[in-house]
Chemist: 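Okay, handing you the structure first.
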Amino acid sequence: AVREVLLCAGSIESPKLLMLSGVGAPAEFAKPGIAVRVALPGVGKNLQDHLLGAGAVYEASQPLPLSNYQHGEGMQYLRTDATLSGPDLLLMLVTVPFASFTLPAPPANAYTILPCIMQPQSRGTISLRSADAADAPIINPNYFDVPLDATTLQRGFDIARAIGAGNALGEWRSREVYPGLRWSDSAGRNEFTRQAANTFFHPVGTCALGKDQNSVVDPQLRVHGLLGLRVVDASVIPRIPSGATHAAVIAMAERAADLILGIRPLEAVELPHDA
């Protein structure tokens, strides 16, 4: 590279490409037979994702109208614990039957209240399947490794079911399809929670920014131990935000553009008095 390389392949593929190049945890390179170029144990670790609980499904008593909002009719961010600094749960009301593929298909004329974990405590990994770049990596989201995540999602289902059974939806509700009787005892709730768990497709953190031994890039997004390589995508976010990741990634990319161009942050620039 004349100046530098920007790796922008996302939270799944960026760590994969680094590991294929010998950048990562040395212990993981023995099986695929890759020579270690830079030892960075954090590559592919710290995988985080908002966890989607699909879902509290209700068969409608009348035909559902066409949506003006891509089926997302309502959203509510809330705290399950008043001491939290931000929301740890999102509820989404969608005008489609949104159930996990691990459950039998719900009726076609149905709506869903989906609880989503916004501050997951569990951490997953991305690892190599082989040294062949055409092979997909191994994705281990490690959902519910920290029991609090399952507890939070179950609280979300409790709230979703309370809303779903309320008078405001009475004229639309025919019956509760899911979780239904599966929610009648502790064993059933635990099993349904695991069956309903799905990705929200918000993976971050696998090339985390920081200065400790588990970080992959520095505050300028440069890969530790290498010259001329930056990572610029969601993988550098060390901790997942409580909202959707799209805006956070755009903000990070705008900041990265300034870093690459050598532009200082606005707060560090002396502006004229009449600006």
Side-chain angles (χ1 to χ4, degrees), residues 10-16 18-19 24-28 31 40-56 77-81 83-91 99-103 114-129 136-160 179 182-183 185-210 212-216 233-245 248:
S11 294
I12 309 301
E13 293 293 322
S14 282
K16 171 190 166 183
L18 286 175
M19 288 186 284
E28 297 190 15
K31 184 177 179 181
L40 285 178
V43 173
K45 306 302 189 294
N46 193 46
L47 174 63
Q48 301 160 61
D49 185 16
H50 292 141
L51 187 57
L52 191 65
Y77 288 89
L78 66 154
R79 294 178 177 88
T80 60
D81 183 340
T83 64
L84 293 173
S85 59
D88 64 333
L89 197 68
L90 166 66
L91 294 181
S100 170
F101 64 88
T102 59
L103 296 165
L114 296 129
C116 315
I117 298 178
M118 305 309 286
Q119 292 187 19
Q121 303 302 303
S122 302
R123 299 291 184 265
T125 59
I126 303 295
S127 56
L128 292 179
R129 193 175 302 275
I138 298 170
I139 305 172
N140 177 16
N142 210 23
Y143 296 144
F144 303 134
D145 180 55
V146 177
L148 177 62
D149 289 343
T151 300
T152 300
L153 191 57
Q154 289 183 2
R155 288 175 179 171
F157 274 116
D158 286 338
I159 298 169
R182 292 171 170 81
W183 212 249
D185 57 51
S186 178
R189 287 194 295 273
N190 290 337
E191 177 64 19
F192 179 80
T193 300
R194 292 186 174 275
Q195 286 185 318
N198 271 260
T199 176
F200 209 161
F201 298 99
H202 292 169
V204 306
T206 52
C207 298
L209 181 154
D212 60 45
Q213 63 179 0
N214 292 315
S215 64
V216 178
D233 57 38
S235 70
V236 306
I237 299 175
R239 180 178 176 183
I240 196 166
S242 290
T245 52

Chemist: Rounded to the nearest 0.5 Å, what separation is found between the CE atom of Met118 and the CG atom of Leu51?
Modeler: 10.5 Å
Chemist: Looking at CD of Gln119 and CG of Asp149, how far apart are the two atoms once the value is rounded to the nearest 0.5 Å?
Modeler: 10.5 Å
Chemist: Measuring from atom OG1 of Thr125 to atom CD of Glu28, what distance do you get when rounded to the nearest 0.5 angstrom?
Modeler: 7.5 Å
Chemist: List the steps and the verdict of side-chain contact (heavy atoms from CB on, under 4.5 Å) for Asn46 and Val216.
Modeler: CA-CA 11 Å; Asn46 193 46; Val216 178; over 6 Å; no
Chemist: Does Ile126 reach the side chain of Leu47, with side-chain heavy atoms less than 4.5 Å apart?
Modeler: yes
Chemist: Any idea which heavy atoms bring Leu153 and Pro115 closest together, and the distance?
Modeler: CD1-O, 3.7 Å
Chemist: Would Ile117 and Asp88 count as a side-chain contact (heavy atoms from CB on, under 4.5 Å) here? Give the steps.
Modeler: CA-CA 6 Å; Ile117 298 178; Asp88 64 333; over 6 Å; no
Chemist: Assess the side chains of Gln195 and Thr102: does a donor N or O sit below 3.5 Å from an acceptor N or O?
Modeler: no
Chemist: Do you know the tightest heavy-atom contact between Ser127 and Met19?
Modeler: CA-CE, 3.9 Å
Chemist: If you look at every heavy atom in Ala136 and Arg129, which pair is closest and at what distance?
Modeler: O-NE, 3.0 Å
Chemist: Counting N and O atoms only, with roles assigned by atom type, does the side chain of Gln48 sit under 3.5 Å from a partner on the main chain of Ile240, one being a donor and the other an acceptor?
Modeler: yes
Chemist: Can you check whether Phe192 reaches Gln154 side chain to side chain, under 4.5 Å on heavy atoms?
Modeler: no
Chemist: Would a distance-only check, ignoring hydrogens and angles, find a side-chain to backbone donor-acceptor pair under 3.5 Å from Asp145 to Ser122?
Modeler: no
Chemist: Is Ile159 close to Leu89 at the side-chain level, that is, under 4.5 Å between some pair of heavy atoms?
Modeler: yes
Chemist: How long is the straight-line distance from CG of Leu114 back to CZ of Phe157, given to the nearest 0.5 Å?
Modeler: 7.5 Å
Chemist: Hey, is the main chain of Thr193 close enough, under 3.5 Å, to the side chain of Arg182 for a donor-acceptor pair?
Modeler: no
Chemist: Would you name the heavy atoms of Arg155 and Thr80 that are closest together and state the gap between them?
Modeler: NH1-OG1, 3.5 Å
Chemist: State, to 0.1 Å, how close Gly210 and Ser215 come at their nearest heavy-atom pair, and which atoms those are.
Modeler: O-OG, 3.0 Å
Chemist: Flag the pair Pro87 / Leu78 as yes when at least one side-chain heavy-atom distance between them is below 4.5 Å, and no otherwise.
Modeler: no
Chemist: Could you pull out the closest heavy-atom pair between Gly188 and Asp185, with the gap in Å?
Modeler: N-OD1, 2.6 Å
Chemist: Taking only distance into account, with no hydrogens and no angle test, what donor-acceptor pairs under 3.5 Å do side-chain atoms of residues 197-207 form with protein atoms, sequence neighbours excluded?
Modeler:
residue : atom : partner : partner atom : Å
Asn198  : ND2  : Ser100  : OG           : 3.2
Asn198  : ND2  : Ala196  : O            : 3.3
Thr199  : OG1  : Asp49   : OD2          : 2.4
Thr199  : OG1  : Phe201  : N            : 2.8
His202  : ND1  : His50   : ND1          : 2.9
Thr206  : OG1  : Ser11   : O            : 2.7

